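Report on the structure given below.
Values reported hereafter were calculated over all heavy atoms of this structure, with side chains retained and with hydrogens, waters and symmetry mates removed. Just so it is clear, the structure is predicted and the values come from calculations on it, not from any experiment. Residues take their numbers from the sequence shown, with the count starting at 1.
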Amino acid sequence: MKKAIKLILRFLLSPWRWFRKKRDGVLPSGKRHEVPNDILLGLVRDMIREGHTATIWVKGFSMRPFLEHMRDKVILAQPERPLQEGDAVLAEIGPGHYVLHRIIKIEGEKITLMGDGNLGSTETCRMKHVAGIVTHYIRPKRTIPATDERLIRRIKRWRRLLPCRRFLLLVYKSTI
């Protein structure tokens, strides 16, 4: 039944998919070298602590619909202000295990994280395990600062839609 619904949605939303591909472009098909996350993100964490910024490709689907796997990049830097709910951060939730998720709750030194595409699973870490904060979202053909008011409103709306996120993500996946 679920497969049939996906197929119907994919057919009905195909004009929108065509428009999005035309607007966002396609990824270059050049050769890439991948480094394991525990090594790469450990180096990124060290660079950010030294005061540099880092640009990384997004891998995974947990930040849908705001970030797409291997299409988008993010610029990470040290936080210039105290962390707030709604900030997207790169955090180490276990030894060598990093996630790029959004802060949903701060209780003293304890931070609760959840991906935009997750339906309920959360991770926790300490404030000292936050490697960097997202300052810019880089999509093909455009860059969006994390402080953009339209983006912040969309993120707040998306967080309120948690109960029906499963259905919205089904429609979103059908348009890709």
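Although no hydrogens or angles enter the test, the distance criterion places a donor-acceptor pair under 3.5 Å between the side chain of Trp158 and the main chain of Asp116. Between the side chain of Arg139 and the backbone N or O of Arg71, no donor-acceptor pair lies under 3.5 Å. Looking only at distances, no side-chain donor or acceptor of Gln78 sits under 3.5 Å from a matching main-chain atom of Gly132.
To the nearest 0.5 Å, the span separating CZ on Arg154 from CG on Asp148 amounts to 9.0 Å.
With a 6.0 Å radius and a threshold of 12 heavy atoms from other residues, nucleotides or ligands, Lys105 has its NZ atom at or below the threshold. Within 6.0 Å of the CZ atom in Arg81, the count of heavy atoms belonging to other residues, nucleotides or ligands exceeds 12. Other residues, nucleotides and ligands place no more than 12 heavy atoms under 6.0 Å from the CD atom of Glu80.
Side-chain contact check for Arg159 versus Glu85: some heavy-atom pair is nearer than 4.5 Å. Two residues are said to be in side-chain contact when any heavy atoms from C-beta on lie closer than 4.5 Å; Asp87 and Arg102 fail this criterion. Inter-residue side-chain proximity for Thr135 and Leu76 is flagged as unmet; no heavy-atom pair is nearer than 4.5 Å. Side-chain contact check for Ile93 versus Tyr98: every heavy-atom pair is 4.5 Å or farther apart. With contacts defined as side-chain heavy-atom distances shorter than 4.5 Å, the pair Leu113/Cys125 qualifies. In this structure, Val89 and Leu83 have side chains that are in contact, with non-hydrogen atoms separated by less than 4.5 Å. Using a 4.5 Å heavy-atom threshold, the side chains of Glu109 and Met127 count as touching. For the pair Leu161/Leu168, a side-chain contact is recorded, criterion being any heavy-atom separation below 4.5 Å from C-beta on.
Residues Leu90 and Phe61 fall into different hydrophobic clusters, defined by Ile, Leu, Val, Met, Phe, Trp and Tyr side chains chained together at heavy-atom separations under 4.5 Å.
Across all non-hydrogen atoms, the minimal contact from Glu68 to Asp72 is N-OD2, 2.8 Å.
Taking 4.0 Å as the cut-off between side-chain N and carboxylate O, Glu92 and Arg45 count as a salt-bridged pair.
With sequence neighbours excluded, the residues that form a side-chain contact (heavy atoms from CB on, under 4.5 Å) with Thr53 are Ile75, Ala77.
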